[in-house]
Amino acid sequence: DTGVSQDPRHKITKRGQNVTFRCDPISEHNRLYWYRQTLGQGPEFLTYFQNEAQLEKSRLLSDRFSAERPKGSFSTLEIQRTEQGDSAMYLCASSPGQGVGYGYTFGSGTRLTVV
Amino acid sequence: EDQVTQSPEALRLQEGESSSLNCSYTVSGLRGLFWYRQDPGKGPEFLFTLYSAGEEKEKERLKATLTKKESFLHITAPKPEDSATYLCAVRLEGGGNKLTFGTGTQLKVEL
């Protein structure tokens, strides 16, 4: 297992188009997170899954955003009708089971540019 | 409102010149404070978790400490390969499993 994998690494899209990103977490991790990071800022929480259940969603996750983790393994994040303000790095992270002390393992992110 | 503030925003050091980065937080109910390192174009890399005031963790040239209001990341005799952005984040009581990040300190270590 080589860590958290995200695809694609870069995506350029025209305003109004839909985009979908994929995240493959570390196989034994049952928790999966999506964050968004803009230049000069720290990552901002978007949503969290435990297995296939989406347990938390940020107010940042507007109706145009949807995330799934259908079999508790990989996850997808879809943005519909993209806007220029959606341009950011989208980071996926995973972590094992219970407890506070573990740090998340982040992927390298998908950089989205909306033109 | 819960806040995480990091200072300085940017820091330039000479190789071997020790210094400290600060992360101050005003939150109600801390369940853990995390330090991450982020290289350009990559995701954050986990460094440490601290739970309670007085706790310290070390890894190579890095040492993290925690008080009731802030955390410090001490860098001893840094090398150019320590250049990165250092992020701190908190997990809160009643905040579920999300982390709230600061904006980071961009560290540059020069020869």
Side-chain angles (χ1 to χ4, degrees), chain A residues 2-7 9-10 21 23-26 29-51 53-61 88-111 113, chain B residues 1-10 21 23-25 27 29-52 55 57 59 62 64 66 71 73 84-106:
Chain A
T2 56
V4 178
S5 177
Q6 292 189 245
D7 183 70
R9 289 295 311 278
H10 304 274
F21 311 140
C23 171
D24 288 272
I26 292 173
H29 287 183
N30 63 359
R31 297 184 172 191
L32 185 147
Y33 312 82
W34 285 98
Y35 281 76
R36 180 173 69 187
Q37 186 176 25
T38 53
L39 200 62
Q41 301 296 313
E44 294 177 295
F45 172 79
L46 292 178
T47 191
Y48 151 65
F49 290 85
Q50 182 163 318
N51 299 313
Q54 189 174 19
L55 298 184
E56 286 184 67
K57 288 173 62 173
S58 166
R59 292 187 305 255
L60 294 174
L61 216 64
M89 174 80 86
Y90 289 84
L91 293 163
C92 177
S94 69
S95 67
Q98 300 287 335
V100 178
Y102 49 84
Y104 301 166
T105 302
F106 279 88
S108 291
T110 293
R111 180 165 295 285
T113 302
Chain B
E1 182 183 336
D2 297 322
Q3 280 198 321
V4 180
T5 305
Q6 292 190 246
S7 62
E9 289 185 9
L21 313 182
C23 172
S24 64
Y25 58 93
V27 301
L30 182 72
R31 290 179 64 207
L33 185 139
F34 300 74
W35 281 98
Y36 284 84
R37 168 193 171 126
Q38 187 171 27
D39 292 298
K42 296 195 173 181
E45 176 189 345
F46 171 70
L47 294 173
F48 305 110
T49 307
L50 302 165
Y51 296 99
S52 56
E55 188 174 0
K57 294 267 179 82
K59 180 180 179 179
L62 300 176
L66 182 66
S71 177
L73 185 65
T85 295
Y86 290 86
L87 295 161
C88 78
V90 298
R91 180 180 277 131
L92 307 176
E93 292 284 353
N97 286 280
K98 69 179 183 185
L99 296 183
T100 301
F101 282 84
T103 54
T105 293
Q106 192 171 3

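Numbers restart at 1 for each chain; the letters A, B, ... are given by sequence-line order, proteins then strands. Just so you know, these numbers use all the heavy atoms, side chains as well, and skip hydrogens, waters and symmetry mates.
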Ring geometry between Y36(B) and F106(A) (parallel below 30°, tilted from 30 to 60°, perpendicular above 60°):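 Taking Y36(B) first and then F106(A), their aromatic rings stand perpendicular (interplane angle over 60°).
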Can you tell me how the ring of Y35(A) sits relative to the ring of F101(B), calling it parallel under 30°, perpendicular over 60° and tilted otherwise?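 Perpendicular, since the angle between the ring planes exceeds 60°.
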Would you mind reporting whether L99(B) and Y33(A) have side-chain heavy atoms less than 4.5 Å apart?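 Sidechains of L99(B) and Y33(A): no contact.
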Nearest-0.5 Å distance, CG of residue L21(B) to CD of residue Q106(B):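 If I round to the nearest 0.5 Å, the distance is 12.0 Å.
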Pair Y25(B)-S71(B), side-chain donor/acceptor within less than 3.5 Å: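 There is no such pair between these side chains.
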I'd like to know which of C88(B), P44(B), A89(B), G104(B) tops the heavy-atom pair count under 4.5 Å against chain A.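 Going by pairs under 4.5 Å, I would pick P44(B).
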Chain A contact via L87(B) - which portion, at a heavy-atom distance below 4.5 Å: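 It is the side chain, since no backbone atom gets that close.
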What part of Q38(B) gets within 4.5 angstrom of chain A, counting heavy atoms only: side chain, backbone, both, or neither?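 Contact with chain A is through the side chain of Q38(B) alone.
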Give, as side chain, backbone, both or neither, the part of R9(A) having an atom under 4.5 angstrom from any heavy atom of chain B.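 Interface part for R9(A): side chain.
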Measure distances from Q6(A) to the heavy atoms of chain B and classify the residue's part below 4.5 Å as side chain, backbone, both or neither.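 Interface part for Q6(A): neither.
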